[in-house]
Amino acid sequence: MSHFIIAPVVLPAMMGGLIILWMRHDLLLQRVFSTAGTAVLLCVSLYLALHASGGEIFVYRLGNWPAPFGIVLMLDRLAALMLVLTSFLALSVQLYAIGSGWDRKGWHFHALWQFQLMGLMGAFLTGDAFNLFVFFEVLLIASYGLMIHGGGGLRLRAGVQYVVINLMGSALFLAALGTLYAVTGTLNMADMALRVAEIPPEDTALVRTGAVLLMLVFAIKAALVPLHFWLPSTYGNAPGPVAALFAIMSKVGVYAIIRFYTLIFPAESVIGSIVADMLLPAALVTLVVGQIGILGGRHLGRVAAMAAIASIGTLIVAVSMFTPEGISAALYYLMHSTLSAGALFLISDMVAQRRGGNLWLSVRPRIADSGLIAAMFFAATVAVAGMPPLSGFLGKLLVLDATRADPWWVGIWATILITSLFAILGFARAGSTLFWKPFQLQQEARHHADHHGREHDGPILPKLEPDEQIQDIGDAVSPALGFAATGLLLAGLVALTLLAAPALRMTEAIADQLFDPGPYFQSVLVHQEGARP
């Protein structure tokens, strides 16, 4: 079992290398092997999650060196959840990329995709702070290539901004790790947690500095206001499948916040309380900015990006409680927001392909497959806005319930509920402009055509030509595969709604494990029999 822990990192790394070396000139082989590799990755993740569900913490010691001297990978319930969520999202979106033809619009799409998965999986499994930085850089380097996949001036400018902001975040990350290492003498998370706990409160100035720097880094990754400005243009201009996979990228920052500030800097400590006090106001402002962005958005891609920012705000509100109830609610909402954001980005790409790349919210002739796309858009936006009956409604109820004990609960509830109305209005406006008004325009044009030559006293409406009514869908290989892949994400939301009780029991078990770090310390720091001295 222990050797399977490294499989989610090794499998995409090997697959990415093989694709570059042996299949770079054969797109069909790339599609087959890359999709098969992602499917196997999902199976391995489910296998690991099954073993972690019992509460045992599994440790893989690279080179058989014991912690804290060697590098360790660690599998607990939280890591297992993130592995399954990431691999499920990746497989669904990859199928869409193949069906829509996006993977043929640039070089090395599938190789970069696999390296991106390698970085994501490593970030969730590592038990070492410096290797978290390493895996951050792996996934970011791959994301740079995916971001500019397909070319275009706007995409290139957004990619440059994305690179610059994340390089700044990487520099801050190194500064934070250097500060913490200077104080504690270790970068193993478990060992660092024990050493930080032994430092007298009056001697924690440098540790507090490192903790705040880390929070800034994770806030950049999670796109918390005021460090969110890179996300709207990046996600709004990225290729549709890439933006959908990026739905999990911001969750890496959230995962790191949960991991570090429940294990190393718990909220009840002097250091953790400083971060907790900063987090709630930032989350509420992020929520307000995101929902207002949905209401005022004029471009569907940016509306979807602002929805991702708003979901991060709601998610961090629950995390900032730093209670088992808050973390449990946050994890349920994290699953929901990842799937719903991914589906919304894919639906936006469907619209773009059928409107010649135009995602501005303006009335244009009715697009091909309008009815089915409109139904999917309605389902996704209902989920994102938090309306019943889908999982977004349940997730927001859980977040509201988790904040009842907070002294500012009235303000928190008011912010969440009022801004949800902003999202509903914004999505209703977007859906009406994209789907309902073109349908009305088409019906009026047909009515005029039926009565042409007999009634001349009414207004003459422009007749829509056939090639305006049904747009070309570009390089799509199989539109049906694209619809099926998007439907898979929407089905995940339905399953999360119908299976809310077992899902909530799972998140509660994860939260309980996080707030009882004793077994984590014992599993990671106890020397393995036969390990190098």
Side-chain angles (χ1 to χ4, degrees), residues 8-9 12-13 15-17 19-20 82-83 85-87 89-90 93-94 97 106-126 128-150 155-178 187 213-224 227-239 241-257 259-260 305 308-309 312 338 341-342 345:
V9 180
M15 190 60 65
I19 290 173
I20 289 178
M82 300 306 295
L83 295 183
L85 182 63
T86 302
S87 53
L89 176 70
V93 176
Q94 189 171 8
W107 290 96
H108 307 308
F109 176 88
H110 288 285
L112 289 169
W113 191 268
Q114 294 298 322
F115 289 130
Q116 174 93 351
L117 293 179
M118 171 194 171
L120 287 167
M121 296 298 183
F124 295 137
L125 284 171
T126 185
D128 184 272
F130 182 78
N131 280 279
L132 179 62
F133 166 79
V134 171
F135 284 119
F136 266 16
E137 295 310 298
V138 170
L139 68 91
L140 287 173
I141 290 170
S143 69
Y144 299 155
L146 290 173
M147 170 63 206
I148 61 174
H149 178 78
R155 192 167 294 143
L156 182 59
R157 283 197 294 271
V160 170
Q161 182 190 48
Y162 176 64
V163 169
V164 170
I165 295 301
N166 280 281
L167 285 177
M168 292 171 58
S170 299
L172 280 177
F173 203 168
L174 281 178
L177 293 179
L187 289 173
L213 286 175
L214 277 180
M215 178 52 67
L216 289 175
V217 173
F218 300 149
I220 292 174
K221 307 298 183 186
L224 274 175
L227 304 171
H228 71 293
F229 48 84
W230 61 270
L231 189 146
S233 59
T234 300
Y235 284 32
N237 292 304
V242 175
L245 182 64
F246 280 8
I248 196 68
M249 289 270 287
S250 56
K251 306 307 187 300
V252 178
V254 178
Y255 167 85
I257 291 173
R259 179 69 74 188
F260 271 77
I309 291 177
I312 289 295
T338 301
F345 280 116

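Please read all numbers here as calculations on a predicted model, not as lab measurements.
When the ring-ring contact (aromatic ring centres under 6.0 Å, His included) test is applied to F136, the partners found at least two apart in sequence or on another chain are F173. Residues satisfying the side chain to side chain contact (heavy atoms under 4.5 Å, CB included) test with L167, not counting sequence neighbours, are Y144, V163. Partners of F229 by ring-ring contact (aromatic ring centres under 6.0 Å, His included), not counting sequence neighbours: none found. Residues passing the ring-ring contact (aromatic ring centres under 6.0 Å, His included) test with F260, sequence neighbours excluded: F218. Remark: M215 pairs with I257, Y261, V275, L279 by the side chain to side chain contact (heavy atoms under 4.5 Å, CB included) rule, at least two apart or across chains. A search for side chain to side chain donor-acceptor pair (under 3.5 Å) contacts involving D128 returns N131, not counting sequence neighbours. Residues forming a side chain to side chain contact (heavy atoms under 4.5 Å, CB included) with L227 (at least two apart in sequence, or on another chain): L216, A219, I220. Listed by chain and residue number, S34, Q94, D103 satisfy the side chain to side chain donor-acceptor pair (under 3.5 Å) test with H110 (two or more places apart in sequence, or in another chain). A search for ring-ring contact (aromatic ring centres under 6.0 Å, His included) contacts involving H228 returns nothing, not counting sequence neighbours. Listed by chain and residue number, V164 satisfy the side chain to side chain contact (heavy atoms under 4.5 Å, CB included) test with V160 (two or more places apart in sequence, or in another chain).
Note that the OG1 atom of T338 and the CE atom of M82 stand 6.5 Å from one another [nearest 0.5 Å]. A distance of 10.5 Å separates OG1 of T86 from CG of L139, quoted to the nearest 0.5 Å. Between the OG1 atom in T234 and the CG atom in N166 there is a gap of 8.0 Å [rounded to 0.5 Å]. Rounding to the nearest 0.5 Å places CD1 of I141 at 10.5 Å from CZ of F115. In this structure, CD in Q116 is found 10.5 Å from CD in Q114, a value given to the nearest 0.5 Å. Summarising the geometry, atom CG belonging to L112 is positioned 11.0 Å from atom CG belonging to L117; distances are rounded to the nearest 0.5 Å.
For V9 against M118, the heavy-atom pair with the smallest separation is O-CG, 3.7 Å. When all heavy atoms of G16 and A111 are compared, the closest pair comes out as O-CB, 3.8 Å. Shown here for V217 and G169, the closest heavy-atom pair between the two residues is CG2-O, 3.7 Å. Smallest separation of non-hydrogen atoms from A176 and L213: CB-CB, 3.6 Å. Minimum heavy-atom separation, F124 to Y255: O-OH, 2.8 Å. The two residues F109 and A97 make their nearest non-hydrogen contact at CZ-CB, 3.7 Å.
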Name every donor-acceptor pair, under 3.5 Å, that has one atom in a side chain of residues 242-251 and the other anywhere in the protein, sequence neighbours excluded.
residue: K251; atom: NZ; partner: A247; partner atom: O; Å: 2.9

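Using modelled atom types, one side-chain atom of R155 and one backbone atom of N237 make a donor-acceptor pair closer than 3.5 Å.
E137 and S170 are linked by a side-chain donor-acceptor pair at a separation below 3.5 angstrom, with hydrogens and angles left out of the test. Y162 and S233 share no donor-acceptor pair across their side chains, judged by distance under 3.5 Å alone.
Side-chain contact between L146 and P239: absent, with no pair of heavy atoms (C-beta onward) separated by less than 4.5 Å.
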For this session: Evaluate the side chain to side chain contact (heavy atoms under 4.5 Å, CB included) criterion for residues F135 and L125: first the C-alpha distance (whole Å), next the side-chain angles of each, then the deciding distance (0.1 Å), finally the verdict.
Result: CA-CA 10 Å; F135 284 119; L125 284 171; over 6 Å; no
Problem set entry | Worked check of side chain to side chain contact (heavy atoms under 4.5 Å, CB included) between L140 and K221 | CA-CA 10 Å; L140 287 173; K221 307 298 183 186; 3.2 Å; yes
